[in-house]
Structure formats: C-alpha cells, structure tokens
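First up is the structure itself, then whatever we jot down about it.
Position 1 is the first residue of the sequence, and the numbers go up from there. Because only heavy atoms are used, hydrogens play no part in the values below, and waters and symmetry mates are left out as well, while side chains stay in.
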Amino acid sequence: MSQKISMLHNPRCSKSRQTLELLQSKGVQPDIIEYLKTPPTEEELDNILNMLGLEPRQLMRTKETEYAENKLDDESLTRQQLIQAMVKYPKLIERPILINNKKAALGRPPEDVLEIL
C-alpha cells in the first residue's frame, strides 16, 4: 500500500520551496495543494491541527494584516472561530505543512517534515 503524502504549499514562500526541494531530493513527490487557491475546509484544518498537536493561534501568521483587521488576537475567540478565520483568510495559515497518512509536520525548519516520512 503506497503512502499518500500531500503538502500545503505556497510557491512564493521560500520555506515552502525549500521543503519541497528537500522532499524531492529524497525521492518524495507529494501531492501539492496550493492552499491560497484551494483552502482546506474547516474539518480538514481541524484535523491538521490535531495531527500537529497545535491550537489554531499556534499555526497562524499573526503579522498578516488580516490578523489585525479581524481582531484575531481577541482571547475570547473560540477554536472554531479561529479555524473559520483561517479558512476564510488562508494567508493566515503558517506553511508549509506536510501530511502523511495520519501524521502532519510543519516545515519550519524544512527538515522537520522528514520525521513523518
């Protein structure tokens, strides 16, 4: 049975490109999901967060203007509300994220994704 490996990727992000190059150098060709064009659903993002063992804010790019404009630093926001914001504004999702079956890893640094291969 072959593994299904996918990667939430932003081709304009240097860390995302470095992670993809690292994987390809190891002979791994993941299914590329350009998440800015095809954002994950709320359910998919919730599953990814669970696989990473992170809460939404830990996977958010807090310096993006959408973070401030939508007052996402409000501590009263629920997990679900933060996930909804990340789906609505996928630019807020930290990248790259590699998903291998039931495991996920954030490619920061890129070498971190090798742990789930």
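- Here the straight-line distance linking atom OG1 of Thr65 with atom NZ of Lys63 works out to 13.5 Å at 0.5 Å rounding.
- Of all the heavy atoms in Tyr35 and Pro90, the pair that sits closest is CE1-O, 3.1 Å.
- Asp46 has a carboxylate O that lies under 4.0 Å from a charged side-chain N of Arg79, or vice versa, which qualifies the two as a salt bridge.
- Checked by atom type and distance alone, the side chain of Arg95 never pairs as donor or acceptor with a backbone atom of His9 at under 3.5 Å.
- For Thr41 against Glu44, the heavy-atom pair with the smallest separation is N-OE1, 2.8 Å.
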Could you go through Ile32 and Leu20, starting from their C-alpha distance and side-chain angles, then the distance that decides it, and tell me whether this counts as side chain to side chain contact (heavy atoms under 4.5 Å, CB included)?
CA-CA 9 Å; Ile32 301 297; Leu20 182 57; 3.6 Å; yes
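- At distances below 3.5 Å, at least one donor-acceptor pair connects side-chain atoms of Asp74 with backbone N or O atoms of Ser76.
- Between Pro30 and Leu98 there is a side-chain heavy-atom pair separated by less than 4.5 Å.
- Heavy-atom minimum distance, Leu72 versus Ala85: CD2-CB, 3.7 Å.
- Between Asn10 and Glu34 there is no side-chain heavy-atom pair separated by less than 4.5 Å.
- No continuous path of ILVMFWY side-chain contacts below 4.5 Å connects Leu117 to Ile33, so the two sit in separate hydrophobic clusters.
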Steps toward side-chain hydrogen bond (donor to acceptor under 3.5 Å, both in side chains) verdict (Glu94, Gln58)
CA-CA 9 Å; Glu94 190 62 83; Gln58 294 174 287; over 6 Å; no
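- The minimum heavy-atom distance linking Cys13 with Arg108 is given by the pair SG-NH2, 3.7 Å.
- The two residues Arg61 and Lys91 make their nearest non-hydrogen contact at CD-O, 3.2 Å.
- Looking at Glu21, its side chain never comes within 3.5 Å of a backbone N or O of Gln18 through a donor-acceptor pair.
- Asn70 contributes a side-chain N or O that, together with a main-chain N or O of Glu66, makes up a donor-acceptor pair within less than 3.5 Å.
- Under the side chain to side chain contact (heavy atoms under 4.5 Å, CB included) rule, Ile48 has a single partner from Ile97, Leu54, Leu106, Ile93, which is Ile97.
- Contact of the Met7 side chain with the Thr19 side chain is registered, since non-hydrogen atoms from C-beta on lie closer than 4.5 Å.
- The two atoms that bring Leu82 and Pro56 nearest to each other are CB-CB, 3.6 Å, heavy atoms only.
- In terms of modelled atom types and a separation under 3.5 Å, the side chain of Asn100 and the main chain of Ile5 share no donor-acceptor contact.
- Between the side chain of Arg17 and the main chain of Arg12, a donor-acceptor pair closer than 3.5 Å is present.
- Placement of Leu45 and Ile116 in two distinct hydrophobic clusters is found when ILVMFWY residues are connected by side-chain heavy-atom separations under 4.5 Å, directly or transitively.
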